[in-house]
Number of protein chains: 2
Amino acid sequence: MEDYLKLDKQLCFPIYALSREVIQRYRPLLDEIDLTYPQYLVLMVLWEHQQQTVNQIGGKLLLDSGTLTPLLKRLEQKQLVIRQRSKTDERVVEISLTDEGKQLRTKAEQIPLKLIQELGISLEEITVMKNIINKLLKIKK
Amino acid sequence: MEDYLKLDKQLCFPIYALSREVIQRYRPLLDEIDLTYPQYLVLMVLWEHQQQTVNQIGGKLLLDSGTLTPLLKRLEQKQLVIRQRSKTDERVVEISLTDEGKQLRTKAEQIPLKLIQELGISLEEITVMKNIINKLLKIKK
DNA sequence: TCAAATTAAATTGCGTGCAATTTAATTTTA
DNA sequence: TAAAATTAAATTGCACGCAATTTAATTTGA
């Protein structure tokens with residue numbers, strides 16, 4: 001008789017623990033550029049797309065305005081992004097990078113590789129993990 | 001030239017997104033027994049070990065007293081656990097289950113299987129994921 | 001043995017996450 | 001076309017997570 005309530009039988013707990021562990025690993029690197037992990041993710045979206053609405057960012061990061069609005073205000077205070085209402089649709093807020101925000105990209109460039117190395121995970125393992133995770137994330141409600 | 005700053009090149013973002021997604025999947029099931037996911041994890045530790053110090057729980061869940069103290073106070077308010085200073089070492093707080101806390105286990109029993117089914121993940125994939133994750137978690141500072 | 005170091009929780013402060021509600025703008029439709 | 005429905009952000013409220021500090025108890029070591 002299996003005991004599915006035992007911690008070491010769980011899959012979800014390791015995922016939850018790993019997520020926090022990975023963010024911990026990022027911290028010293030992100031501290032150097034004064035960013036939190038979610039703030040770094042938002043900037044990653046903007047480095048790739050220059051301008052995005054709050055909703056578009058939320059769609060990519062799976063975060064809602066309740067999380068993003070205050071986070072974006074903090075990035076604005078740090079002079080990394082600009083928030084402005086769309087001219088064509090006043091409901092929409094468009095987020096774009098300041099020059100400072102664009103420049104931060106250079107400093108951030110080495111972070112992903114450093115992290116992979118630090119985690120000591122092989123490229124094959126990364127692929128396997130990503131495939132399973134993407135499959136799990138795709139089965140949305 | 002690879003662009004490691006692209007979101008879809010990342011491993012860490014999928015892990016972070018999956019962790020939140022999984023907790024979302026738990027929510028409706030845990031709502032029925034009025035628990036958050038971290039509260040459920042603490043109870044899982046106690047269902048397995050009856051009595052644990054704050055530090056012992058923190059060691060198993062990788063959480064510190066800053067997170068656990070208020071969480072445990074909430075579980076105490078719900079009459080699910082008892083918090084009491086150790087007689088032999090006044091610094092230590094021992095956490096044990098109330099009868100109500102013990103009984104909750106029955107209701108929680110079906111949750112893990114339900115979740116695995118809902119996620120649509122195979123037992124083999126679970127094993128693969130867990131092996132990689134455990135390897136990553138083991139390489140502690 | 002007793003001051004210094006260590007340890008366990010608690011506290012403080014801040015930044016998420018997210019449900020639920022609110023506000024304001026736009027779109028739909030009767 | 002004007003009320004109803006929808007949509008995008010913002011707001012509110014609560015529960016983590018975690019760094020840093022504090023408090024109190026215990027252990028160590030000169």
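Reminder, nothing fancy here: chain letters follow the sequence lines and each chain counts from 1.
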Participant: Among the nucleotides D:dA8, C:dG15, C:dG17, which one has an atom lying closest to any side-chain atom of A:Arg74?
Facilitator: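 Output: C:dG15.
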Participant: If the threshold is 4.0 Å, N to carboxylate O, is there a salt bridge linking B:Arg83 and B:Glu76?
Facilitator: yes
Participant: Any Lys/Arg nitrogen of B:Arg85 or B:Glu90 sitting under 4.0 Å from an Asp/Glu carboxylate oxygen of the other?
Facilitator: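 No, no charged N to carboxylate O under 4.0 Å.
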Participant: Can you check the A:Leu68 CG to D:dT11 P distance for me, whole Å?
Facilitator: 14 Å
Participant: Distance check needed: D:dA10 C1' versus A:Leu63 CG, whole Å only.
Facilitator: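 Rounding to the nearest Å, CG of A:Leu63 and C1' of D:dA10 are 16 Å apart.
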Participant: What is the distance from CD of B:Gln52 to P of C:dA8, rounded to the nearest Å?
Facilitator: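 In whole Å, C:dA8 P lies 14 Å from B:Gln52 CD.
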Participant: Out of C:dA9, D:dG17, D:dA8, which nucleotide sits closest to the side chain of A:Asn55?
Facilitator: D:dA8
Participant: When you measure from the side chain of A:Asp64, which nucleotide among C:dC18, C:dA9, C:dT16 comes out closest?
Facilitator: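 From the listed options, C:dC18 comes nearest.
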Participant: What is the separation between atom CZ on B:Arg25 and atom P on C:dC18, rounded to the nearest whole Å?
Facilitator: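 Checked: the CZ to P distance equals 13 Å.
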Participant: Which pairs pass side chain to side chain donor-acceptor pair (under 3.5 Å) with one or both residues in residues 91-105 of chain B, sequence neighbours excluded?
Facilitator: A:Asp3-B:Arg105, B:Asp89-B:Arg91
Participant: Over how many whole Å does the gap from A:Leu72 atom CG to D:dA10 atom C1' extend?
Facilitator: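 To the nearest whole Å, that distance equals 12 Å.
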Participant: With distance as the sole criterion, do the side chain of A:Thr69 and the base of D:dA9 form a donor-acceptor contact below 3.5 Å?
Facilitator: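 Answer no: no donor N or O sits under 3.5 Å from an acceptor.
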Participant: Nearest-Å distance, NZ (B:Lys73) to C1' (C:dT12)?
Facilitator: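 So the two atoms are 12 Å apart, to the nearest Å.
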Participant: Just checking, any donor-acceptor pair under 3.5 angstrom between side chains of A:Thr127 and A:Glu124?
Facilitator: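 Short answer, no.
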Participant: Going by distance alone, is a donor N or O of one side chain under 3.5 Å from an acceptor N or O of the other, for B:Arg74 and B:Gln77?
Facilitator: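 Not at all, the side chains of B:Arg74 and B:Gln77 share no donor-acceptor pair under 3.5 Å.
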Participant: Take the angle between the ring planes of B:Tyr40 and B:Trp47 and call it parallel below 30°, perpendicular above 60°, tilted in between.
Facilitator: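 Answer is perpendicular, since the angle exceeds 60°.
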Participant: Counting heavy atoms from C-beta on, name the nucleotide in D:dA10, C:dG17, D:dG17 closest to the side chain of B:Arg20.
Facilitator: C:dG17
Participant: Under 4.0 angstrom, heavy atoms only, what part of the nucleic acid is B:Leu71 near: base, sugar-phosphate, or nothing?
Facilitator: sugar-phosphate
Participant: What distance do A:Ile132 atom CD1 and B:Ile126 atom CD1 have between them, rounded to the nearest 0.5 Å?
Facilitator: 9.5 Å
Participant: Want to settle it: does A:Gln56 or A:Tyr16 sit nearer the 5' end of DNA chain D, counting the closest nucleotide to each?
Facilitator: A:Gln56
Participant: For C:dA19 and B:Gln24 - does any side-chain N or O of the residue sit under 4.0 Å from the phosphate oxygens OP1/OP2?
Facilitator: yes
Participant: Reckon A:Thr67 has a side-chain N or O less than 4.0 Å from the OP1 or OP2 of C:dG15?
Facilitator: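 No, outside the criterion.
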Participant: The side chain of B:Ser65 is closest to which nucleotide in this list: C:dT16, D:dG17, C:dA10?
Facilitator: C:dA10
Participant: Please work out which residues in residues 79-92 of chain B have a non-hydrogen atom less than 4.0 Å from an atom of DNA chain D and list them by number.
Facilitator: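 Within this stretch, B:Thr88, B:Asp89, B:Glu90, B:Arg91 sit under 4.0 Å of the strand.
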Participant: Considering residues, nucleotides and ligands other than A:Lys107, do more than 12 of their heavy atoms fall under 6.0 Å from its NZ?
Facilitator: no
Participant: Tell me the interatomic distance from A:Gln77, atom CD, to C:dC14, atom P, rounded to whole angstroms.
Facilitator: 12 Å
Participant: Please test A:Thr106 against A:Glu109 for side-chain hydrogen bond (donor to acceptor under 3.5 Å, both in side chains), starting from the C-alpha separation and ending with a verdict.
Facilitator: CA-CA 5 Å; A:Thr106 320; A:Glu109 216 115 46; 5.1 Å; no
Participant: Among B:Ile111, B:Leu35, B:Thr36, B:Asp31, exactly one meets side chain to side chain contact (heavy atoms under 4.5 Å, CB included) together with B:Tyr26. Which residue is that?
Facilitator: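 Exactly one option meets the side chain to side chain contact (heavy atoms under 4.5 Å, CB included) with B:Tyr26, and it is B:Ile111.
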Participant: Check DNA chain D against residues 27-42 of chain B and give the residues with a non-hydrogen atom under 4.0 Å, in numerical order.
Facilitator: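 Per residue number, the list reads B:Thr36, B:Pro38, B:Gln39.
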